[in-house]
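Within every chain, numbering begins at 1; the chains are lettered A, B, ... in the order of the sequence lines, protein sequences first and strands thereafter.
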There are 2 protein chains.
Amino acid sequence: MKEKAPVCKVTLFDEETVQTIRANLPGEETIIELSEVYKSLGDGTRLKILLALKEKESCVCDLAAALSMSQSAISHQLRVLRNVRLVKYRREGKMVYYSLDDEHILKIIQEGLNHIEHK
Amino acid sequence: MKEKAPVCKVTLFDEETVQTIRANLPGEETIIELSEVYKSLGDGTRLKILLALKEKESCVCDLAAALSMSQSAISHQLRVLRNVRLVKYRREGKMVYYSLDDEHILKIIQEGLNHIEHK
DNA sequence: ACCTCATATGTTCATTTGTTCATATGTTAT
DNA sequence: ATAACATATGAACAAATGAACATATGAGGT
C-alpha cells in the first residue's frame, strides 16, 4: 500500500496539484493575447519576414523580392505581425520600413531555433 | 536629388538588402519545423497546459480537472505538444505524467509574456 | 489638379484546426 | 480471464485561417 496512491477517476484527482495549477494560471485575457502572438509566429512566411528583419530594417518591396512573393501577400502578413506588435514601422516618403518591435521577439525566435536544433 | 533614392518598382529594389536577407535565411525545413512549434503554442488550451506543467509535472486527469475540460480534449492537445517535443511524458502504472521537454520552452513562454506585458 | 508608384485592405473560397462523441489501448487488481 | 480505470485515438462537424484576386489609400512628381 502506498501512502499516496495516484487515483484519478474523473472526479478523484490530486486536489493540491489542481489548486496549484489554477492559482498560477494567468487570466484568460493574457492567455488569448499570448496565443495570438505565437499564432502569428506559426507561419512560414511570417517567420521568414521576421528572420529577414532580424538582419536589417527593410521596406515591403525588398521583403517581397527577397521572399519571391507578391507585395500584397507580404503586406497582409505584415499587418498580422503589426497587430500583435511583433514589428514596427516607419514611413519615409513612399516607402515604409519595417523592423522588429523589441528584443523579446529576437529571443523568442532564437530559443525556438535552439529547441528544434535540439539544443 | 538624394545620393541613394529609394526606388522599388517591382523589379527595382535594393539588391544588397535582398541578397543579405536571402543569404541569412535558414533552410525551408528549419522554417517549417520552427513554424510548427509556434503553431502548437498558438492555442489557449495548449498554452494553459504548458503553463500548468511549468509549475509541476502532472497527469492527464489532473490537467483535465484543472482546466475543466474533457480528458479527451486534453489528450488530443497533448499529442500535438508531443509531436513538436514541447512536452515529454513518463508512465507510472495507469497514469501518464507529462512535463515540459526542455528549458527552451520555458524561455519562449517567458519572453512571450514579457512581450505582451509590453516590457 | 493629375498620374504613378508603394503599400494597405476587403472579399471570396479552399483548407486547416479544435472540439465532441464513441471507441480502442494498455495497465492493475481480482 | 475479466473488470475497472487512465489514457489514446478516429470520425464528424463547426469555426478559424490563408491565398489570391481586385480595389483603396497615401505620397511624390509633373
Side-chain angles (χ1 to χ4, degrees), chain A residues 1-2 5-14 17-18 31-32 35-49 57-84 87-98, chain B residues 1-2 5-14 17 32 35-49 57-84 87-98:
Chain A
M1 210 195 285
K2 295 168 187 171
V7 273
C8 186
K9 199 157 189 273
V10 182
T11 47
L12 298 177
F13 37 82
D14 182 33
T17 298
V18 172
I31 297 286
I32 292 173
S35 72
E36 270 163 7
V37 169
Y38 294 127
K39 218 175 285 178
S40 305
L41 287 166
D43 173 82
T45 300
R46 290 193 291 269
L47 271 182
K48 285 182 198 165
I49 291 176
E57 148 185 280
S58 312
C59 64
V60 179
C61 65
D62 280 350
L63 289 170
L67 306 192
S68 308
M69 294 183 61
S70 76
Q71 173 273 316
S72 174
I74 298 292
S75 190
H76 268 288
Q77 305 297 22
L78 282 170
R79 169 162 60 164
V80 175
L81 294 173
R82 255 187 288 128
N83 285 342
V84 289
V87 298
K88 60 184 183 223
Y89 62 97
R90 126 190 117 73
R91 178 149 226 146
E92 190 176 304
K94 298 182 206 173
M95 325 279 281
V96 176
Y97 290 93
Y98 280 84
Chain B
M1 212 194 285
K2 294 168 189 171
V7 273
C8 186
K9 200 157 189 276
V10 182
T11 46
L12 298 177
F13 37 82
D14 182 34
T17 298
I32 291 173
S35 72
E36 270 163 9
V37 168
Y38 294 126
K39 218 175 286 179
S40 305
L41 287 166
D43 174 81
T45 300
R46 289 193 291 269
L47 270 182
K48 285 182 198 164
I49 291 176
E57 148 185 280
S58 312
C59 65
V60 178
C61 65
D62 280 350
L63 289 170
L67 306 193
S68 308
M69 293 182 63
S70 75
Q71 173 271 318
S72 175
I74 299 291
S75 190
H76 272 289
Q77 304 296 23
L78 281 170
R79 171 162 59 166
V80 174
L81 294 173
R82 256 188 287 129
N83 286 341
V84 289
V87 298
K88 61 184 182 221
Y89 63 96
R90 122 190 120 74
R91 179 148 223 147
E92 189 176 303
K94 300 181 204 173
M95 324 279 280
V96 176
Y97 291 93
Y98 281 84

Nearest whole Å is fine: how far is [N] [atom2] from [X] [atom1]?
| X | N | atom1 | atom2 | result |
| --- | --- | --- | --- | --- |
| B/Y97 | D/dT7 | OH | P | 8 Å |
| B/Q77 | C/dT17 | CD | P | 12 Å |
| A/R90 | C/dA6 | CZ | C1' | 15 Å |
| A/D62 | C/dT7 | CG | P | 8 Å |
| B/M69 | C/dT20 | CE | P | 6 Å |

Distances under 3.5 Å between protein N/O atoms and the N/O atoms of nucleotides 25-28 of chain C, please, pair by pair.
none

Open item on the list: Looking at B/Y98, I'd like to know whether one of its side-chain N or O atoms comes within less than 4.0 Å of OP1 or OP2 on D/dA8.
Closed with: yes
Task: DNA chain D-proximal residues of residues 36-49 of chain A, any heavy atom under 4.0 Å - done: A/K39, A/R46
Just jot down the side chain to side chain donor-acceptor pair (under 3.5 Å) partners of [X], sequence neighbours excluded, or say none.
| X | value |
| --- | --- |
| A/R82 | A/Y98 |
| B/E36 | none |
| A/Y38 | none |

Report, one pair per line, the protein and nucleotides 9-13 of chain D atoms (nitrogen or oxygen only) whose separation is under 3.5 Å.
from   : atom 1 : to    : atom 2 : distance (Å)
D/dT9  : O4     : B/S72 : OG     : 2.7
D/dG10 : O6     : B/H76 : NE2    : 2.7

